[in-house]
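Accompanying notes for the structure given below.
Just so it is clear, the structure is predicted and the values come from calculations on it, not from any experiment. Ligands are counted one by one from 1 in listed order, and the atoms in each one are counted from 1 as well. When reading the values below, keep in mind they use all heavy atoms of this one structure, side chains included, and skip hydrogens, waters and symmetry mates.
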Amino acid sequence: METTAEQSLDVLFRGEGIAILGASTKKGKPGYQIVENTKDAGFAGNIYPVNLTADSILGFKCYKSLEEIQGRVDIVVMVLASNDCVEAAKAIARRKDEKGDVAAVIVVSAGFSELGTDQGRSREKALLDQLVPRGIRVVGPNCLGIIDTYHGISTNFDIGHYRKGGLSIITQSGAFACSYLKWATPGSLVGLNKFASLGNMSDVDVVDLLKYFGEDERTHVIALYLEGTRQGRALIEVAAEVSKKKPVVALKAGKTKVGSTAVASHTGSIAGNFETYQGVFRQAGVVLTPSVCEFYHTAAAFDKMPLPKGNRICILTVLGGPAALCIDELIASGAVDLAKLSEETKSKLREILIPAANIGKPEGLIDTTPSFTEEQHYEVFKIILRDPGVDGVIYLNTPPIFIDEKALAKNIVEAYQSFPQEERKPVISVIGFGYSVPKLRKTMEEAGMPTIEYPDIAAKVMINMVRYSQYKSRFSKQKVSVLAPETIPTEKAETYYQEIVKKTLTAGRKLLPEHEAYEICKAFNIPYPPTQIAKDWKEVEKASKKFGFPVVLKIVSPQVVHKSDVGGVIVGITTPGDLKRAYDQLLANVKEKAGDVVIDGVLVQKAMRKGVEVAIGGLKDEVFGPMIMFGSGGILIEVFKDVAFRMAPLDQEEALLQIKDTKAYEMLKGIRGALPSDLKALTKLIVNASNLIYKVPELAELDFNPVLAYPDGCVVVDARMVLK
Ligand code: ADP
Ligand code: MG
């Protein structure tokens with residue numbers, strides 16, 4: 001029977017027969033550990049170790065070859081020297097042709113494309129050529145394979161039996177994911193559902209697994225460790241779909257060029273630019289965490305806790321300083337508000353807590369002081385969690401010596417669990433340092449209540465939960481896809497801009513001069529000032545008369561990219577006398593600073609009134625394709641790098657979120673009494689620019705800097721477009 005690609009993935013986690021090529025009798029060797037770990041994981045199916053000389057391993061009968069195995073083999077694990085893998089693949093292919101059983105192969109062995117050599121790459125190709133055309137899915141090479149704690153399977157030579165839970169891991173680094181699980185083990189911090197280490201991703205990749213885990217009911221949260229991908233768009237589209245159902249928490253390696261190289265030489269994939277990942281992950285609702293610690297705890301908290309229904313968080317603390325640090329993080333995020341406690345809550349708390357306790361200064365903070373007994377915790381937690389103005393709680397305590405850790409944990413857990421499942425709110429606890437209070441932490445964790453050592457990380461985890469919850473409700477309310485349907489320019493407009501592009505390319509040029517870039521803008525409803533190119537003084541005069549003062553003059557030269565750098569822009573020209581002086585000055589400046597460059601003419605442009613200067617850019621990313629950038633404009637853009645990215649095209653709602661990712665948003669809201677800018681117009685411009693970069697295949701880059709934003713509308717006053 002033919003198996004589809006997705007059925008084969010299912011076989012990975014549900015297979016009944018596993019053959020291990022390269023099984024070993026020596027404890028500690030991967031070929032031995034895989035047999036042992038699968039056994040320990042509680043695998044109920046058949047384990048077939050294949051080993052030339054041994055009779056049995058760990059009580060399982062050994063086979064000399066794959067052919068010898070009579071029973072059904074769904075999965076083959078290869079733990080062979082890389083030189084032997086292609087021959088082994090041929091044996092699998094023969095078996096598939098004869099018996100039709102093998103559906104998936106996990107290649108643990110290394111020595112393939114990750115080496116970065118021709119030999120490695122061709123070996124990988126030879127391996128795949130035997131398997132993939134036969135409908136066999138390949139995991140790896142250079143990986144730790146899979147674990148399914150419910151089905152009791154582990155092809156991982158490091159980790160066998162693991163505590164069950166709702167977390168599923170997809171990882172490009174087996175070592176990283178194993179570290180996570182080992183870190184979580186002693187304190188019962190994480191319960192695992194499924195684990196997939198993908199290595200080189202020669203066939204089965206992140207996109208396949210994300211889709212599969214997205215549909216897997218036992219998976220409550222997906223933790224993704226990513227180095228790079230060759231399928232950026234597909235990844236984001238699948239991630240966006242999955243995020244509507246369950247959180248995806250991601251850690252991305254390769255923030256720096258050097259880091260990317262380390263990654264690339266490891267798995268041979270494209271690392272991509274971190275800022276673009278940041279933007280597109282937000283767009284798809286993926287929670288991208290900047291640090292390992294935040295990643296670990298965020299994934300764990302999502303598994304254990306319900307989502308907050310709003311962003312109003314209450315801080316219940318026994319500790320002053322750590323609470324302050326926590327509040328700092330929450331407020332700085334801009335995503336969370338401190339909860340406004342009801343009068344009823346406050347008066348009930350006053351009845352229980354000592355008079356020295358601080359209730360509500362600032363709003364949302366309850367500092368009990370250390371005289372806060374185990375029993376009081378039960379009542380206090382119930383009162384707070386019942387307050388309809390509270391969406392979540394961060395609790396901070398390092399209990400003093402006279403507190404009974406177990407009794408304390410019991411009171412907290414019971415208070416939390418006294419609420420029916422659907423009424424529960426997330427509680428994140430900051431408890432002690434390391435294992436200073438092991439009983440308290442372990443008891444709480446075992447009861448499903450996350451405990452975190454650091455107040456700032458706890459705050460970040462809560463922020464992540466709030467942000468994700470917002471994403472989820474946004475998409476459940478209105479069914480929009482991440483990629484907004486493009487607004488297609490009219491056919492006439494399309495022919496028009498295609499002609500401009502053709503003309504430029506035929507002339508052997510890549511850079512479109514500003515006035516021609518505006519012609520393309522016109523086709524996409526992007527506003528720009530009245531502009532005209534003038535060949536000589538006479539034409540300058542004429543154009544200025546037509547537009548009316550004030551005007552701006554700019555040099556037009558294919559060799560001058562940043563016009564101001566060579567004195568090639570003169571603004572604020574208000575009289576005919578100024579105009580002549582400015583014209584002469586402009587040409588003199590350029591001659592002095594740029595030398596004898598080709599001058600196509602002088603641009604006469606109507607001067608626009610002052611506004612907030614922002615920048616909009618577009619580019620074709622190697623991984624994600626057409627992208628749109630938004631940020632603070634002006635010449636300091638490179639210095640401050642206050643920019644946010646999204647995949648193009650997008651809709652206005654997403655464009656607004658993009659704006660909010662930057663500091664420019666603060667300016668646009670209106671600082672120091674200035675009127676707020678017209679965000680409707682600005683988001684529309686971003687949407688149109690995103691359509692432009694998406695629709696024009698010859699376009700490599702576009703750059704609108706600045707765009708002037710006003711309380712009423714906005715306008716592009718400098719446009720640069722570069723063709724491929
Ligand atoms: P550059 O090639 O140096 O980026 P620009 O065309 O962006 O040249 O002009 C430099 C600056 O002049 C802009 O940042 C903007 O502040 C101002 N400017 C340019 N054109 C206009 C205009 N039409 N109205 C008002 N200000 C303008
Ligand atoms: Mg500019």
For P706, the ligand 1 atoms whose distance to one of its heavy atoms is below 4.0 Å: 7 (O), 13 (C), 14 (O), 15 (C)

Counting only heavy atoms closer than 4.0 Å, does ligand 1 sit against the backbone of H562, its side chain, both, or neither? backbone

Under a 4.0 angstrom heavy-atom cut-off, which atoms of ligand 1 come close to Q605? 20 (N), 21 (C), 22 (C), 23 (N)

Establish, yes or no, whether the cationic atom of R609 lies under 6.0 Å from the six-membered ring centre of Y710 and within 45° of the ring axis. yes

Atoms of ligand 1, numbered as shown, that sit under 4.0 Å from any heavy atom of D718: 1 (P), 2 (O), 4 (O), 5 (P), 6 (O), 7 (O), 8 (O)

Hey, which atoms in ligand 1 end up nearer than 4.0 Å to a heavy atom of K554? 6 (O), 19 (C), 20 (N)

When you check the side-chain N and O atoms of K684 and Q652, is any donor under 3.5 Å from an acceptor? no

State yes or no: are the ring centers of F295 and F176 separated by less than 6.0 Å? yes

Please work out whether any backbone atom (N, CA, C, O) or any side-chain heavy atom from C-beta onward of V569 is under 4.0 Å from ligand 1, and answer side chain, backbone, both or neither. side chain

Strictly distance-based, threshold 3.5 Å: is any side-chain N or O of K252 a donor or acceptor partner for the main-chain N or O of E227? yes

Under 3.5 Å side-chain donor-acceptor pair for N464 and E294: yes

For the Mg ion (ligand 2), give me the closest N/O/S atom belonging to D718, just the atom name. OD2

State whether the number of non-hydrogen atoms from other residues, nucleotides or ligands found under 6.0 Å of K340 atom NZ is greater than 12. no

K563 to ligand 1: N or O pair under 3.5 Å? yes

Any N/O/S atom, backbone or side chain, of S564 lying under 2.8 Å from the Mg ion (ligand 2)? no

Identify, by atom number and element, the atoms of ligand 1 in contact range of K606, meaning under 4.0 Å from any of its heavy atoms. 23 (N)

Under-4.0 Å salt bridge between D391 and R312: yes

Nearest non-hydrogen contact to atom 27 (C) of ligand 1 from the set V717, V566, D565 belongs to V717

Under 4.0 Å from ligand 1, counting heavy atoms only, is it the side chain of N705, its backbone, both or neither? backbone

Tell me whether the rings of F524 and Y497 are parallel (<30°), tilted (30 to 60°) or perpendicular (>60°). tilted

Report yes or no: does a heavy atom of V561 sit under 4.0 Å from some atom of ligand 1? yes

Check ligand 1 against A607 and write out every atom of the ligand that is under 4.0 Å from a heavy-atom position of the residue. 24 (N)

Side-chain donor or acceptor of D661 paired with backbone N/O of Q658 under 3.5 Å: no

Short version for R720: what comes under 4.0 Å of ligand 1, heavy atoms counted, is neither

Contacting atoms of ligand 1, where contact means under 4.0 angstrom from a heavy atom of S564: 1 (P), 3 (O), 8 (O), 10 (C)

Centroid-centroid under 6.0 Å between F645 and Y277 rings: no

